Amino acid sequence: LLASNCPASCTRILFGNMGLDWSDVLQPKSYNNVSRVLSITIGNSFNIDPLALDGSATNACFATTCSASLTTTNANDIIIAHIGIQQAAGDLISVSDTAGLTWTLRKEFNTSQSIQHTYEYYAIATSALSSDSITATADTTRTIFIIAFGISGANTVTPFDTHASLPATGSTAFATSLSIPISTNNANDFIIGLFANGGAGATAGNTYTLIQTASTGPMTMAEYKVVSTTQTNLAVNETVVSSQPLTGIADAIVQASGI
């Protein structure tokens with residue numbers, strides 16, 4: 001937004017809540033006092049659509065299928081589905097949705113902990129989603145946990161940070177916290193932690209924001225934070241109210257290229 005009373009030497013442009021320093025990206029070229037039209041040239045590249053959470057949904061079911069209804073605001077989102085299956089013999093057969101997205105398994109993590117199978121799936125949504133029913137289908141009746149969420153401003157061609165540590169996993173038999181260290185190659189990333197716990201009462205790690213939880217006693221939880229510098233051994237972590245089995249997947253989604 002251009003200030004309405006911008007003087008001839010126009011020294012300030014307002015970009016709402018985008019957090020941009022205009023002097024880094026725009027060079028004033030000329031200003032017409034009558035029409036109040038400012039001509040500018042682009043300096044350094046910048047991102048008009050920063051990384052952000054774009055809607056979330058959750059559910060937990062004792063059934064063969066379990067669905068969560070996700071609505072997003074933006075087109076060209078990365079959609080993440082964090083799924084847990086409690087039983088040892090359980091297996092996730094497929095992920096599908098009513099919008100007809102193509103789902104890809106990013107990571108499967110199997111342990112002997114309470115929720116013994118955890119999965120990270122992703123899809124690209126070229127249009128905003130309206131009550132899109134995202135369904136996890138198991139091999140038979142199981143306790144299924146599903147958390148789905150959208151990420152706007154991400155690179156839809158190569159969504160994930162390419163560092164060799166990613167996606168990372170961690171687990172512990174009984175503890176009140178779990179920390180998964182990750183490193184990144186890209187500066188501007190959307191860091192996610194996808195956790196599964198033997199009991200309730202999980203809290204997102206310090207500096208992370210809770211996305212959703214899904215619970216039937218045991219629970220899953222998703223959290224995120226946005227970073228603007230490359231990370232070395234960044235702790236993706238959670239805490240719980242009492243000692244219990246904990247597992248998790250940590251990952252990083254990269255920002256789309258600027259202009």
Side-chain angles (χ1 to χ4, degrees), residues 53 56-64 66 68 80-93 95 105-122 136 138-149 161 163-184 190-225 227 231-252:
L53 181 68
S56 64
T58 183
N59 201 5
C61 320
F62 182 68
T64 304
C66 191
I80 301 291
H82 169 33
I83 298 161
I85 294 181
Q86 187 171 351
Q87 289 80 4
D91 193 18
L92 181 65
I93 301 301
V95 177
L105 176 64
R106 169 69 172 164
K107 186 65 178 179
E108 177 180 356
F109 186 39
N110 299 321
T111 71
S112 60
Q113 308 307 330
S114 180
I115 299 176
Q116 301 195 15
H117 309 274
T118 54
Y119 306 82
E120 177 190 358
Y121 273 79
Y122 74 96
D139 55 339
T140 186
T141 299
R142 306 290 186 189
T143 306
I144 305 171
F145 307 81
I146 180 169
I147 297 172
F149 55 94
D161 194 292
H163 195 278
S165 69
L166 298 168
T169 59
S171 68
T172 182
F174 284 93
T176 56
S177 66
L178 176 63
S179 181
I180 305 172
I182 66 167
S183 298
T184 64
F190 189 99
I191 309 296
I192 58 174
L194 310 175
F195 293 97
N197 310 325
T203 303
N206 185 32
T207 75
Y208 288 83
T209 299
L210 177 69
I211 298 174
Q212 285 281 6
T213 62
S215 178
T216 62
M219 69 179 297
T220 57
M221 184 264 281
E223 66 182 21
Y224 79 97
K225 72 184 296 184
V227 298
Q231 304 293 310
T232 301
N233 293 325
L234 171 69
V236 182
N237 58 324
E238 69 160 344
T239 58
V240 291
V241 295
S242 60
S243 184
Q244 57 190 266
L246 307 173
T247 65
I249 300 171
D251 211 348

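Computed from a predicted structure; not experimentally measured.
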query = Which atom names give the shortest non-hydrogen contact between K107 and L105, and what distance separates them?
reply = O-CD1, 3.4 Å

request  = Could you walk me through whether I83 and L92 pass the side-chain contact (heavy atoms from CB on, under 4.5 Å) test, one step at a time?
outcome  = CA-CA 9 Å; I83 298 161; L92 181 65; 3.9 Å; yes

query = So, D251 and R106, do they make that salt bridge, N to O below 4.0 Å?
reply = yes

message = Contact between Y224 and L53 at the side-chain level, heavy atoms closer than 4.5 Å - yes or no?
response = yes

ask   = CG of L178 to OG1 of T172: how many Å apart, nearest 0.5 Å?
value = 7.0 Å

request  = Heavy atoms only: give me the nearest F195-G248 pair and the separation to one decimal.
outcome  = CD2-CA, 3.9 Å

note = Rounded to the nearest 0.5 Å, the CD1 atom of I211 sits from the CD1 atom of I147 at a distance of 8.0 Å

inquiry  = I need the minimum non-hydrogen distance between P167 and E120, along with the two atoms involved.
reply    = CB-OE1, 4.2 Å

ask   = Looking at CG of L246 and CG of N237, how far apart are the two atoms once the value is rounded to the nearest 0.5 Å?
value = 11.5 Å

inquiry  = Walk me through whether T203 and E223 qualify under side-chain contact (heavy atoms from CB on, under 4.5 Å).
reply    = CA-CA 9 Å; T203 303; E223 66 182 21; over 6 Å; no

request  = For residues A250 and L166, report the shortest heavy-atom separation together with the two atoms involved.
outcome  = O-CD2, 4.0 Å

inquiry  = Restricting to non-hydrogen atoms, name the atom on M219 and the atom on G199 that form the minimum distance, rounded to 0.1 Å.
reply    = CG-O, 3.2 Å

task = Starting at CG of N110, measure out to CG of D91 and round the result to the nearest 0.5 Å.
result = 8.0 Å

key: Distance (rounded to the nearest 0.5 Å) between D139 CG and I93 CD1   = 5.0 Å

query = Can you tell me how far the CD atom of Q212 sits from the NE2 atom of H82, to the nearest 0.5 Å?
reply = 11.5 Å

query = Do the rings of Y119 and Y121 sit parallel, tilted or perpendicular, given the 30° and 60° boundaries?
reply = tilted

key: Stepwise side-chain contact (heavy atoms from CB on, under 4.5 Å) check, T184 with L234   = CA-CA 9 Å; T184 64; L234 171 69; over 6 Å; no

ask   = Would you say T118 and T220 make side-chain contact, with heavy atoms under 4.5 Å?
value = no

ask   = Does the pair T58 and S56 meet the rule for a side-chain contact (heavy atoms from CB on, under 4.5 Å), with working shown?
value = CA-CA 7 Å; T58 183; S56 64; over 6 Å; no

query = Do T64 side-chain atoms and A138 backbone N/O form a donor-acceptor pair below 3.5 Å?
reply = no

query = What is the minimum heavy-atom distance between F145 and P218, and which atoms define it?
reply = CE2-O, 3.3 Å

inquiry  = Is any side-chain heavy atom of V236 closer than 4.5 Å to one of S179?
reply    = no

ask   = Does the side chain of F109 reach to within under 4.5 Å of the side chain of L194, using non-hydrogen atoms?
value = no

